[in-house]
There are 2 protein chains.
Amino acid sequence: MRTEGRAKRLPRAVRERQIMDAAVDVFSRLGFHAASMDEISDVAGISKPMLYAYLGSKEELFATCIRREATRIMEAIATGVEPDQEPDVQLWSGLRAFFGFVGENRASWQVLHRQASTQGGPFAAELADMRGRAVSLVAALLTQSTKAPATQHEAESLAAALVGAGESLAEWWLDHPEEPAGVVAARLMNLVWMGFGDLVDGNVWHPPSRR
Amino acid sequence: MRTEGRAKRLPRAVRERQIMDAAVDVFSRLGFHAASMDEISDVAGISKPMLYAYLGSKEELFATCIRREATRIMEAIATGVEPDQEPDVQLWSGLRAFFGFVGENRASWQVLHRQASTQGGPFAAELADMRGRAVSLVAALLTQSTKAPATQHEAESLAAALVGAGESLAEWWLDHPEEPAGVVAARLMNLVWMGFGDLVDGNVWHPPSRR
DNA sequence: CCAGGTACCTACTGGCGAGTAAGACTACTG
DNA sequence: CAGTAGTCTTACTCGCCAGTAGGTACCTGG
């Protein structure tokens, strides 16, 4: 990752991107506390004062990383999901988009999921915000499509469980990278749409038409 | 939490328990890096050298905490689950035991789930071990009861998703403590056994007989 | 070719926290 | 009442790391 020898005097915007990339890399590998500003500046190929001049304190830098990565992943999902479709198709497209993104951006995922959640203060809030948006999305999907009247808590907690299942499966996936994204996404889709009850009977869910 | 003034000269075994309790408390609130040995010894009501004399280095102490809490939670589940029953009943009793434990031991849960997973090194291994046992338990339940032949990966990843859903729901629950454990457990049971597909049609799962 | 701004650096400070040295106090044992 | 084993303390060392002081090189417009 270390940038090679002496690419000098770049404009600020470019340096900021380099620094952010390095920061996400280091934070994702080491976590907030164990990561040092020295290492980040080293990986970015600049000196520490530049880091402070451009991105502020360590906490500010970390918060900025979280915000950037959270925005990226939410945009990826929003782009991938197909509104005005049946609920199951919407969920399916959302899951595909999510696992697709994680597969291509492991570091982004780690800095979001593993690191941000454990640091107190504004980081958790930043992450909780994105997570909350994801949960609301699923909760709305559930509420609008269910026939039985469900409480707010009901839908929200189910959505939280689903989002958590996705997060956990993504984590599992990091240790089994040979599986394609589509397969992993399909497994989760089957679990949450059909349930174990159907799966043990051999009933599976599949998309209405091979898109 | 701070133990009150000068309870003097206790036997080693008692002190060790006090220290472990304090350590779990502090680690769960602050995380591994942010927690200081000074604070732990302070909360435990002793001085730092005692800490080192009895429990070794900070890393050793943390690993010991994880092992203790992991053992406690796995034992709670093992005690609660009812073998030789139908798969859904086994799952249900396991979920009840899990949420029951988390409800009564928030700190234990946090030190396990949030803190341990983010620190590299032996901690993650320690936790992954427990988590792996939980996943294997569920995977076995799935494999033995399914009629369709499932691959190892298939069962394992589904189990990982389920365990993650449970973890995530437990986390959600920490922010909504007014809900009773049984209700939360039932929600997850419905999600993973019936699936959204059934739930939106108003079909719910319920235990075969009100135990 | 100078003025001033922007990119960039080396080399420091100051504090926090892990781990320890060296001994003091208590209690049991003979 | 020694002696010894186990409990417990104060008061340090020492390294790491966030953050900064005080510059140097380079470019751009006049």
Below 4.0 angstrom from OP1 or OP2 of C:dC8, is there any side-chain N or O of A:R15?
yes

What is the distance from [atom1] of [X] to [atom2] of [N], rounded to the nearest Å?
| X | N | atom1 | atom2 | value |
| --- | --- | --- | --- | --- |
| A:L51 | D:dC17 | CG | P | 15 Å |
| A:L10 | C:dC9 | CG | P | 10 Å |
| A:Y54 | C:dC8 | OH | C1' | 8 Å |
| B:E16 | D:dG6 | CD | P | 14 Å |
| B:I46 | D:dT9 | CD1 | P | 7 Å |
| A:L30 | D:dC16 | CG | P | 15 Å |
| B:R12 | D:dA5 | CZ | C1' | 13 Å |
| B:M50 | D:dC8 | CE | P | 5 Å |

Tell me if a side-chain donor or acceptor on A:D25 pairs with a main-chain N or O of A:D21 at a distance below 3.5 Å. no

I'd like to check B:S93 versus B:Q85 (side-chain heavy atoms, cut-off strictly below 4.5 Å). Are they in contact? no

- [ ] Output yes when B:R72 and B:E69 qualify as a salt bridge under the 4.0 Å nitrogen-oxygen rule, no when they do not.
- [x] yes

Nucleotide by nucleotide, nucleotides 16-30 of chain C touches protein heavy atoms under 4.0 Å in the pattern (B base, S sugar-phosphate only, - none) -SBBBB---BB----

CZ of A:R17: more than 12 outside heavy atoms within 6.0 angstrom? no

Item to complete: Kindly check if the number of other-residue, nucleotide or ligand heavy atoms within 6.0 Å of CZ (A:R12) is above 12?
Response: yes

Which of B:F101, B:F98, B:F99, B:W173 passes ring-ring contact (aromatic ring centres under 6.0 Å, His included) with B:W109? Answer is B:F98

